[in-house]
Amino acid sequence: MSDPFPRTAIVTGASGDIGRVVADAFRARGCRLVLPVRADPGALRQAFPEDEVVTADLRDPAACREVAARAEQTFGQVDALVNMAGGFAMHEAVSFEPAQLDDQLDLNLRTAVNMTTAVLPGMLDRGAGAVLGTSAGVAATGGARLVGYAAAKAALEGYLRSVRAELEPKGLSVSLLIPGGVVDTPGNREAMPNADPSSWIDPGALAEAAWFLSGRRPGGRVPELRVGA
C-alpha cells in the first residue's frame, strides 16, 4: 500500500505477544512506528530496524511526553496512538489488596491515559488523529477472580468514551478494541495447558481490527469494535 493511513503510529506494548503482532501488521502496511518499551529494547530494535524504539516507562507522564516529542521530531506528526500496553492478573475478591489494584490500574489505565494525554496537543493542533484503546469483555460482564483487571479495563473504557465525547467534534477519532474472549498467545497457552484454544481469538484478527479502527476518516469512524465471542 503506497499511501497507508495512518502513516505514523505509536504502538505501546509491542514487546508483548499481542502488541508485537499489531506492530508487525502496521509495519507491513508501510506505517512508520514509534515503539516505547519499558525493558531492554534490543529485541525490538532488531525486529524493527527502520523504526524508532524508545525506552520509556509509560506509568510516568514525563516519559510519555518524551515519547510523543520523539515521534514528532522524527516523523513530523503522530497520526495514531495504538494503546496495546496492559497486564493481566487474577485476584480473589476476599483477599484483594490496594497494591494489587494499583498495579492493574498502572498497567491497563494509567499507561493509556499518560500516553494519550501526551499525543493530544499535536493531534488537536492539526485537527486530526486517532487514539485506540484495548479493553476486554470482562469490563462489561465482570469475571470471577478478575476484580482488578475488570475494574481497570472498565475505567479505561469510561476514560476513552469521555475523551471521544470531548474531542471527536474537534476532528479526532477515539476508538475501543474489545477482545471478547481469550486471545491465542503463547503466554495463555502456557497458563492454560488443558484448555482448548480452537475458539480463542487470533492475535492477527486483533491487529487487523486495530488497523481498521486507526484508519477511519471523518464520516466513517467506528467508535467500538468487539472481536470474538
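Just so you know, residue 1 is the first one in the sequence shown, and it goes up from there. For clarity, every value in this text was computed on a predicted model and none was experimentally measured.
Thr12 places a side-chain N or O within donor-acceptor distance of the main-chain N or O of Ala85, the cut-off being under 3.5 Å. With Asn188 contributing its side chain and Val183 its backbone, the two residues share a donor-acceptor pair below 3.5 Å. The backbone N or O of Ile178 sits nowhere less than 3.5 Å from a side-chain atom of Ser135 that would complete a donor-acceptor pair. Panel note: side chain Arg164, backbone Ser175; no donor-acceptor pair is recorded below 3.5 Å. Panel note: side chain Gln100, backbone Glu97; a donor-acceptor pair is recorded below 3.5 Å. Distance alone, capped at 3.5 Å, is enough to place a donor-acceptor pair between the Asp79 side chain and the Thr8 backbone.
Here CZ of Phe96 is found 12.5 Å from CZ of Arg145. Values are rounded to the nearest 0.5 Å. Rounding to the nearest 0.5 Å gives a distance of 5.5 Å between OG of Ser173 and CD of Glu168. In this structure, NZ on Lys170 lies 10.0 Å from CG on Leu120, to the nearest 0.5 angstrom. Note that CG of Leu132 is 8.0 Å distant from CG of Leu81, once rounded to the nearest 0.5 Å. Separating the CG atom in Leu35 from the OG1 atom in Thr55 is a distance of 11.5 Å, to the nearest 0.5 Å. Ser15 contributes atom OG, which lies 10.0 Å from atom CG of Asp40 (distance to the nearest 0.5 angstrom).
Cluster membership check: Leu124 shares its hydrophobic cluster with Val163, using side-chain heavy-atom separations under 4.5 Å among Ile, Leu, Val, Met, Phe, Trp and Tyr. No continuous path of hydrophobic side-chain contacts links Val53 to Met115 [ILVMFWY only; heavy atoms under 4.5 Å]. Residues Val34 and Val11 do not share a hydrophobic cluster, defined by chaining ILVMFWY side chains whose heavy atoms lie under 4.5 Å apart. Linking Ile, Leu, Val, Met, Phe, Trp and Tyr whenever their side-chain heavy atoms come within less than 4.5 Å leaves Val37 and Val21 in two separate clusters. Linking ILVMFWY side-chain heavy atoms closer than 4.5 Å, directly or via other members, places Val222 and Val82 in a single hydrophobic cluster.
Side-chain contact check for Val174 versus Pro223: every heavy-atom pair is 4.5 Å or farther apart. Contact check for Asp60 versus Asn114: no side-chain heavy atoms found under the 4.5 Å cut-off. Between Trp200 and Arg189 the shortest side-chain heavy-atom distance falls below 4.5 Å. The closest side-chain heavy-atom distance from Val131 to Asn83 is below 4.5 Å. Annotation: side chain of Met123 is not in contact with side chain of Leu167 (no heavy-atom distance under 4.5 Å). Side-chain contact between Arg32 and Glu52 is absent, with no heavy atoms from C-beta onward closer than 4.5 Å. Side chains of Arg226 and Leu176 form no contact here, defined as non-hydrogen atoms less than 4.5 Å apart. A heavy-atom distance below 4.5 Å is not found between the side chains of Asn108 and Leu156.
Annotation: side chain to side chain contact (heavy atoms under 4.5 Å, CB included) contacts of Arg27 (sequence neighbours excluded): Leu33, Phe48, Glu50, Asp51.
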- Hey, mind stepping through Gln104 and Asp106 against side-chain hydrogen bond (donor to acceptor under 3.5 Å, both in side chains) and telling me if it holds? CA-CA 5 Å; Gln104 286 297 289; Asp106 280 345; over 6 Å; no

- Might you work through the side chain to side chain contact (heavy atoms under 4.5 Å, CB included) test for Val182 and Met192, ending with a clear yes or no? CA-CA 10 Å; Val182 178; Met192 294 176 278; 3.7 Å; yes

- Task: Check the pair Phe5, Arg217 against side chain to side chain contact (heavy atoms under 4.5 Å, CB included), reporting the backbone distance first and the verdict last.
- Result: CA-CA 9 Å; Phe5 189 83; Arg217 308 282 188 164; 3.3 Å; yes

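Between Val22 and Met84, the closest heavy-atom pair is CG2-CE, 3.8 Å. For the residue pair Asp102 and Arg110, the shortest heavy atom distance occurs at O-NH1, 3.7 Å. Contact between Pro36 and Ile10 at its shortest, heavy atoms only, is CD-CG2, 3.9 Å. Shown here for Ser214 and Ala130, the closest heavy-atom pair between the two residues is O-CB, 3.5 Å. Contact between Arg38 and Arg59 at its shortest, heavy atoms only, is NH2-NH2, 2.6 Å. Among all heavy-atom pairs drawn from Ala89 and Tyr149, the shortest one is O-CB, 4.0 Å.
Residue pairs meeting the salt bridge (Lys or Arg N to Asp or Glu O under 4.0 Å) criterion with at least one member in residues 122-136, sequence neighbours excluded, do not occur.
For the pair Arg216 and Phe212, the cation-pi test (distance below 6.0 Å, angle within 45°) is passed.
At a threshold of 4.0 Å, the pair Arg70-Glu66 does not count as salt-bridged, since none of the basic side-chain nitrogens sits closer than that to a carboxylate oxygen. Ion pair Arg161/Glu224 flagged as a salt bridge, since at least one NZ, NE, NH1 or NH2 atom sits closer than 4.0 Å to an Asp/Glu carboxylate oxygen.
Ring geometry, Phe26 versus Trp211: the interplanar angle exceeds 60°, so the pair is classed perpendicular (tilted spans 30 to 60°).
Of the options Asp184, Thr134, Thr185, Ile201, a side-chain contact (heavy atoms from CB on, under 4.5 Å) to Ile18 is made by Thr185 and by none of the others.
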